Amino acid sequence: MNYFLKPSDKEINMLAISYIVFGLLICLFNVTILTMTIRVFGIIALLFSAYLLYTYFVQRISTSLSPLFIGVPGLLISILMVFSPESILAMLPILVGIILIINSIVHMQKSLILKDFGYPRWNISLIFSILVLITGVILLSQPIQSLSIIMQILGIALIVEAIFMLINQHILKRYD
């Protein structure tokens, strides 16, 4: 069972903690603060991308193409982040929906493996996975008009997903 279900306790715990932190940040802060945060990260990414392009074109330290392949898309995305953070915010529900769908599918697989190993409450794990899947599909198929409501739903969904991950990890540790 360790082979199938144990990616790494540290990885799962760190991912769950980051989900909780980002979920709380999304729930607590409104759209204007998120817009400002995106602009700040955009400025940082813009500086980093400009540095990469500077090292590629001006310093000519090596012939590696990685500064070019990272610098050009990074520059374009960072310009978008600085001058149009609303477009990044508009993509956020779609990205979180995709993440929730992928995670729910992974947890459904874990639930079925728990069933195979005789865990009596595997169906509870499966139900939570299905609820997270439904949340992800709703975010993809019918985006809600108000971005602040979307942010609160996304934050709650991330927190629920993190709690589910921690519970699942605790259950799996009992069967090691």
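Computed from a prediction, not measured in an experiment: that's the story for all the values here.
A ring-ring contact (aromatic ring centres under 6.0 Å, His included) check over residues 84-108, counting only residues at least two apart or in different chains, returns the pairs His107-Phe164. A side chain to side chain donor-acceptor pair (under 3.5 Å) check over residues 64-76, counting only residues at least two apart or in different chains, returns the pairs Ser64-Ser66.
To the nearest 0.5 Å, atoms CD (Glu86) and OG1 (Thr35) are separated by 5.5 Å. Expressed to the nearest 0.5 Å, how far CD of Gln169 lies from CD1 of Ile12 amounts to 3.5 Å. With rounding to the nearest 0.5 Å, the separation of CD in Glu161 from CD1 in Ile163 is 10.5 Å. Once rounded to the nearest 0.5 Å, the distance linking CG of Leu112 with OG of Ser129 reads 8.5 Å. Distance CG/Leu15 to OH/Tyr19: 4.5 Å, rounded to 0.5 Å.
In terms of heavy atoms, Val132 sits closest to Ser104 at CG1-CB, 3.9 Å. Residues Leu100 and Ala157 come closest through the heavy atom pair CD1-CB, 3.6 Å.
Using a 4.5 Å cut-off between side-chain heavy atoms of Ile, Leu, Val, Met, Phe, Trp and Tyr, with links allowed through other members, Ile20 and Met14 fall into different hydrophobic clusters. Linking ILVMFWY side-chain heavy atoms closer than 4.5 Å, directly or via other members, places Ile43 and Ile38 in two distinct hydrophobic clusters. By the criterion of side-chain heavy atoms lying less than 4.5 angstrom apart, applied directly or through intervening Ile, Leu, Val, Met, Phe, Trp or Tyr residues, Ile105 is grouped together with Ile98 in one hydrophobic cluster.
The hydrophobic cluster containing Leu95, built from Ile/Leu/Val/Met/Phe/Trp/Tyr side-chain heavy atoms closer than 4.5 Å, comprises no other residue.
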Quiz: residues 119-128 side-chain donor-acceptor pairs under 3.5 angstrom, not counting sequence neighbours:
{"from": "Ser125", "atom 1": "OG", "to": "Ser111", "atom 2": "OG", "distance (Å)": "2.6"}
{"from": "Ser125", "atom 1": "OG", "to": "Asn168", "atom 2": "OD1", "distance (Å)": "3.4"}

Result block: side-chain N/O donor-acceptor pairs under 3.5 angstrom for residues 68-85, not counting sequence neighbours:
{"from": "Ser78", "atom 1": "OG", "to": "Gly74", "atom 2": "O", "distance (Å)": "2.8"}
{"from": "Ser78", "atom 1": "OG", "to": "Leu75", "atom 2": "O", "distance (Å)": "2.9"}
{"from": "Ser84", "atom 1": "OG", "to": "Ser87", "atom 2": "OG", "distance (Å)": "3.2"}

Pairs under 3.5 angstrom only: tabulate donor-acceptor contacts from the side chains of residues 133-140 to other protein residues two or more places apart or in another chain.
{"from": "Thr135", "atom 1": "OG1", "to": "Leu131", "atom 2": "O", "distance (Å)": "2.9"}

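With sequence neighbours left out, the side chain to side chain contact (heavy atoms under 4.5 Å, CB included) criterion links Val106 to Lys110. Every residue two or more places apart in sequence or in another chain that forms a side chain to side chain contact (heavy atoms under 4.5 Å, CB included) with Tyr51 is listed here: Thr55.
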